[in-house]
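Heads up: the structure comes next, in structure tokens.
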Amino acid sequence: MTTPPTLSPTDDASPALDIYRQLRGLIVSGQLGAGERLPTVRQTAQDLNVAPGTAAKAYKLLERDGLVVTRTAAGTRVADAAAVLPGPVVRRIRELVNEAEAVGANADDVIDVLRVIWQTRSNLTTTQEGTNVS
């Protein structure tokens, strides 16, 4: 995984469920893309100051719901079907955000420009498809 997810300390009532909810939120919001690697169970447990079994239970819940796939030696990765965007797209968006922040760009301006470029490209593609006659 390129950037470790930001998790908050777990709720004492149900730490495994809290970890599950936080990671699920990162996945379904697109902050973790398809194929991106999650931290190891041990690393998650250490980062959140919980027992490894607690973190493992959270990962099992994610796997049960089809959000992640765990493979020996390959770790736990976001399932292709679970992610909003493919991993490479999420990484490029992160790079764009980092560059925009570095030059002091306004987030709304960046989003507006992205939207205009997207719409212009979509309109161009639609126009080209309409002129192609078989």
Side-chain angles (χ1 to χ4, degrees):
M1 187 174 71
T2 308
T3 305
T6 303
L7 299 174
S8 58
T10 61
D11 179 2
D12 290 335
S14 179
L17 190 56
D18 190 48
I19 294 167
Y20 160 81
R21 287 180 180 143
Q22 290 181 58
L23 289 171
R24 181 183 185 284
L26 291 169
I27 293 167
V28 300
S29 70
Q31 293 181 56
L32 290 175
E36 283 198 85
R37 190 172 181 168
L38 273 63
T40 64
V41 168
R42 183 174 294 178
Q43 184 64 53
T44 298
Q46 184 178 1
D47 290 347
L48 299 176
N49 198 29
V50 297
T54 300
K57 183 176 178 183
Y59 277 46
K60 283 184 186 359
L61 291 171
L62 291 167
E63 194 166 18
R64 176 202 68 192
D65 290 350
L67 298 171
V68 299
V69 177
T70 302
R71 292 196 178 95
T72 305
T76 301
R77 297 184 180 272
V78 175
D80 289 340
V84 175
L85 296 171
V89 173
V90 172
R91 283 189 286 284
R92 296 284 303 272
I93 291 170
R94 285 187 190 130
E95 291 170 6
L96 172 64
V97 168
N98 289 338
E99 286 182 39
E101 284 180 342
V103 298
N106 177 287
D108 290 332
D109 291 342
V110 173
I111 293 166
D112 288 344
V113 169
L114 178 61
R115 185 173 285 115
V116 168
I117 291 171
W118 189 282
Q119 289 170 343
T120 301
R121 185 172 175 87
S122 295
N123 290 341
L124 180 62
T125 302
T126 303
T127 302
Q128 289 174 343
E129 288 174 356
T131 58
N132 290 342
V133 178
S134 301

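Just so you know, these numbers come straight off a predicted model, no measurement behind them.
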Is Asn106 reaching over with its side chain to a backbone N or O of Asp108, donor-acceptor style, under 3.5 angstrom?
-> yes

Closest non-hydrogen atom pair between Gly75 and Arg37, with its separation | CA-NH2, 3.7 Å

Main-chain N/O of Gly33 paired with Glu36 side-chain donor or acceptor, under 3.5 Å | yes

What's the shortest heavy-atom distance between Gly66 and Ala82, and which atoms?
-> O-CB, 3.7 Å

What residues join Ile117 in its hydrophobic cluster, counting side-chain heavy atom gaps under 4.5 Å, either direct or through other members?
-> Val113

For the residue pair Thr40 and Gln43, what are the closest heavy atoms and their distance?
-> OG1-N, 2.9 Å

Is there a path of hydrophobic side-chain contacts, each under 4.5 Å between heavy atoms of I, L, V, M, F, W or Y residues, that connects Leu61 with Val50?
-> yes

Minimal non-hydrogen separation, Arg24 against Leu62, with atom names = N-CD2, 3.9 Å

In terms of heavy-atom contacts, does CZ of Arg64 have more than 12 from other residues, nucleotides or ligands at under 6.0 Å?
-> yes

Nearest-0.5 Å distance, OG1 of residue Thr54 to CG of residue Leu48 = 10.0 Å

Verify side chain to side chain contact (heavy atoms under 4.5 Å, CB included) between Val68 and Leu23, making sure each step is shown before the conclusion.
-> CA-CA 10 Å; Val68 299; Leu23 289 171; over 6 Å; no

Honestly curious: do Val41 and Leu26 fall in one hydrophobic cluster under the side-chain, below-4.5 Å linking rule?
-> yes

Shortest non-hydrogen pair, Asp80 vs Ala34, comes out as OD1-CB, 3.7 Å

Heavy-atom side-chain contact between Val90 and Gln31 under 4.5 Å | no

Minimum heavy-atom distance Ala58-Tyr20, with the two atoms named | CB-N, 3.8 Å

So does Arg21 pair up with Asp18, basic N to acidic O under 4.0 Å?
-> no

Side-chain heavy atoms of Thr44 within contact of Leu38, under 4.5 Å = no

